[in-house]
Engineer: 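Encoded as structure tokens, here's the structure I'll be asking about.
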2 protein chains.
Amino acid sequence: MPIWAYDCAMARAATTSDAFNAIAAPQRREILVLLRGGERPVTDLARDLGMTQPQASKHLRVLREVGLVRVRGAGKQRLYGLDAHGLRPVREWVGGFERFWNESFDRLDEYVHELKQARQEASHDGDDQ
Amino acid sequence: MPIWAYDCAMARAATTSDAFNAIAAPQRREILVLLRGGERPVTDLARDLGMTQPQASKHLRVLREVGLVRVRGAGKQRLYGLDAHGLRPVREWVGGFERFWNESFDRLDEYVHELKQARQEASHDGDDQ
DNA sequence: TTGACGCATGCCGATATGGGCATATGATTG
DNA sequence: CAATCATATGCCCATATCGGCATGCGTCAA
């Protein structure tokens with residue numbers, strides 16, 4: 001039995017790492033959808049989503065930390081509002097795959113071939129990471 | 001002090017729940033990006049991503065379970081290929097927010113108003129749960 | 001000031017992840 | 001068949017998450 005110098009650091013990326021992680025949770029996605037309808041207080045959201053107020057608050061905290069929602073104190077209430085800017089990276093990343101679900105897989109190889117050549121000639125990179 | 005009838009079931013949605021969770025991990029996103037260049041064997045991907053082979057296999061397993069990649073045995077190797085169909089839901093969901101990052105927040109309220117009216121007239125709901 | 005209301009946090013427990021390494025499984029070649 | 005290469009799994013651990021409930025904190029009303 002060796003010394004097992006385990007260097008285990010983190011288990012799973014924090015939900016607050018980025019928008020990708022934040023929107024992984026369905027509940028958080030629903031919150032964002034609701035927020036498209038305008039600013040709303042926490043309790044309201046909680047009720048509509050059928051979750052407890054603390055849960056809603058926690059989800060909202062995550063969304064706030066990644067910058068997907070803003071808060072604005074309105075008297076006793078705190079109105080949460082959508083700030084969709086943070087979703088752009090997601091949109092762009094996914095957008096890079098659009099052509100791949102429009103093509104059948106049999107023809108995909110050719111497609112890929114073209115892409116490869118085009119990329120080499122244009123020396124046009126800058127999407128990974 | 002009650003009996004603490006804790007009903008805690010699951011902690012966090014499985015990464016294999018859906019595409020949203022699967023692509024939450026940066027490494028998995030990178031794999032998909034690499035796969036845009038065509039089918040590739042595991043070891044290849046692992047090397048390019050600077051991760052161990054087991055790790056790559058595990059990530060690929062997740063991606064396979066949500067249907068984002070396909071496998072094809074090619075001799076000793078197993079060629080993984082992209083199957084981007086599963087990304088459509090993501091694309092569509094995010095797409096629902098496009099207008100929100102093109103508009104300034106001051107004008108957002110009007111926007112929202114229009115949306116609300118349009119929705120009421122169309123009586124078009126059906127997103128909860 | 002005391003209440004009351006709205007929201008944020010804290011704590012507990014169960015779970016699954018992700019990383020590391022060792023090894024089982026599969027397929028191919030000699 | 002045995003040996004080998006390519007992958008897939010199995011375990012270990014540390015961590016963060018989510019769910020439930022209780023309570024702290026800030027704001028407004030009486």
Side-chain angles (χ1 to χ4, degrees), chain A residues 1-18 20-31 39-47 49-66 69-81, chain B residues 1-18 20-31 39-47 49-66 69-81:
Chain A
M1 246 184 256
I3 312 167
W4 285 116
Y6 274 143
D7 250 309
C8 299
M10 53 216 63
R12 192 168 169 181
T15 56
T16 55
S17 308
D18 52 35
F20 285 95
N21 281 280
I23 67 170
Q27 316 229 44
R28 243 134 32 201
R29 258 174 280 151
E30 293 182 40
I31 288 184
E39 298 181 316
R40 299 186 68 185
V42 179
T43 312
D44 239 56
L45 294 169
R47 199 166 40 70
L49 297 173
M51 62 172 94
T52 69
Q53 173 267 310
Q55 278 301 322
S57 281
K58 288 175 188 174
H59 282 304
L60 286 166
R61 190 187 202 307
V62 173
L63 291 173
R64 212 172 59 205
E65 289 197 25
V66 299
V69 301
R70 296 165 301 128
V71 212
R72 180 170 72 86
K76 281 195 262 191
Q77 311 195 119
R78 307 199 71 196
L79 294 181
Y80 277 86
Chain B
M1 245 181 258
I3 314 168
W4 287 117
Y6 272 145
D7 250 309
C8 298
M10 52 215 61
R12 192 170 171 178
T15 57
T16 55
S17 308
D18 51 35
F20 285 94
N21 281 279
I23 67 170
Q27 316 230 46
R28 252 154 358 219
R29 260 174 278 150
E30 293 182 40
I31 288 184
E39 297 181 317
R40 299 186 68 185
V42 178
T43 313
D44 240 54
L45 294 168
R47 198 163 43 68
L49 296 173
M51 63 171 91
T52 67
Q53 172 266 311
Q55 278 302 322
S57 280
K58 287 175 187 173
H59 282 303
L60 286 166
R61 191 186 201 307
V62 173
L63 291 173
R64 210 174 59 205
E65 289 197 23
V66 297
V69 300
R70 296 165 302 127
V71 213
R72 179 170 72 86
K76 281 194 264 192
Q77 311 196 119
R78 308 199 70 196
L79 294 181
Y80 277 86

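The figures that follow rest on heavy atoms only: side chains count, while hydrogens, waters and symmetry mates do not.
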Engineer: Sequence neighbours left out, what pairs pass salt bridge (Lys or Arg N to Asp or Glu O under 4.0 Å) with at least one residue falling in residues 49-64 of chain A?
Structural biologist: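 For residues 49-64 of chain A, and leaving out neighbouring residues, the salt bridge (Lys or Arg N to Asp or Glu O under 4.0 Å) pairs sorted by first residue read R61(A)-E65(A).
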Engineer: Protein within reach of the bases, or only the backbone? For nucleotides 2-9 of chain D, mark each nucleotide 5' to 3' as B, S or -, using heavy atoms under 4.0 Å.
Structural biologist: ---BSBBB
Engineer: Can you tell me the distance, in whole Å, between the CG atom of N21(B) and the P atom of dT17(D)?
Structural biologist: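 Those two atoms, CG and P, are 13 Å apart.
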Engineer: State, yes or no, whether a side-chain contact exists between Q27(B) and Q55(B) at a heavy-atom distance under 4.5 Å.
Structural biologist: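 Not in contact.
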Engineer: Both A13(A) and T52(A) contact DNA chain D. Which one's nearest nucleotide lies toward the 5' end?
Structural biologist: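 Between the two, 5'-proximity favours A13(A).
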Engineer: Kindly write out the residues that satisfy side chain to side chain donor-acceptor pair (under 3.5 Å) with Q53(A), not counting sequence neighbours, or none if the list is empty.
Structural biologist: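 Per chain and number, Q53(A) pairs via side chain to side chain donor-acceptor pair (under 3.5 Å) with S57(A).
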Engineer: Over all heavy atoms of both residues, which pair between A46(B) and T52(B) is shortest? Give the atoms and the distance, please.
Structural biologist: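 Smallest heavy-atom distance, with atoms named: CB-O, 3.9 Å.
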Engineer: Among all residues two or more places apart in sequence or in another chain, which pass the salt bridge (Lys or Arg N to Asp or Glu O under 4.0 Å) test with R40(B)?
Structural biologist: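 Counting only residues at least two positions away or on another chain, R40(B) forms a salt bridge (Lys or Arg N to Asp or Glu O under 4.0 Å) with D44(B), D48(B).
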Engineer: Are OP1 or OP2 of dT17(C) and a side-chain N or O of H59(B) less than 4.0 angstrom apart?
Structural biologist: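 It does not, given that no N or O in the side chain of H59(B) lies less than 4.0 Å from OP1 or OP2 of dT17(C).
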Engineer: Between D18(A) (CG) and dA16(D) (P), how many Å, whole number?
Structural biologist: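 From D18(A) CG to dA16(D) P: 16 Å.
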Engineer: Mind checking side-chain contact (heavy atoms from CB on, under 4.5 Å) for R12(B) and listing every partner two or more places apart, or none if nothing turns up?
Structural biologist: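 For R12(B), the residues satisfying side-chain contact (heavy atoms from CB on, under 4.5 Å) (neighbours in sequence not counted) are R12(A), T15(A), N21(A).
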Engineer: Could you tell me the separation between the CE atom of M51(B) and the P atom of dG19(C), rounded to a whole number of Å?
Structural biologist: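 In whole Å, dG19(C) P lies 7 Å from M51(B) CE.
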Engineer: Please determine whether a side-chain nitrogen or oxygen atom of R28(B) lies at a distance below 4.0 Å from atom OP1 or OP2 of dG18(C).
Structural biologist: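 Checking R28(B) against dG18(C): at least one side-chain N or O falls below 4.0 Å of OP1 or OP2.
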Engineer: Under 3.5 Å, side chain of R28(A) to main-chain N/O of L60(A), donor-acceptor pair present?
Structural biologist: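 Judged by distance alone, no pair lies under 3.5 Å.
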Engineer: Which stems, defined as runs of 3 or more consecutive Watson-Crick or G-U wobble pairs with both pairing distances under 3.5 Å, involve DNA chain C?
Structural biologist: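 Stems found: C:1-30 with D:1-30.
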Engineer: So among T16(B), V69(B), V71(B), which one has a side chain to side chain contact (heavy atoms under 4.5 Å, CB included) with L63(B)?
Structural biologist: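 Option passing the side chain to side chain contact (heavy atoms under 4.5 Å, CB included) with L63(B): V69(B).
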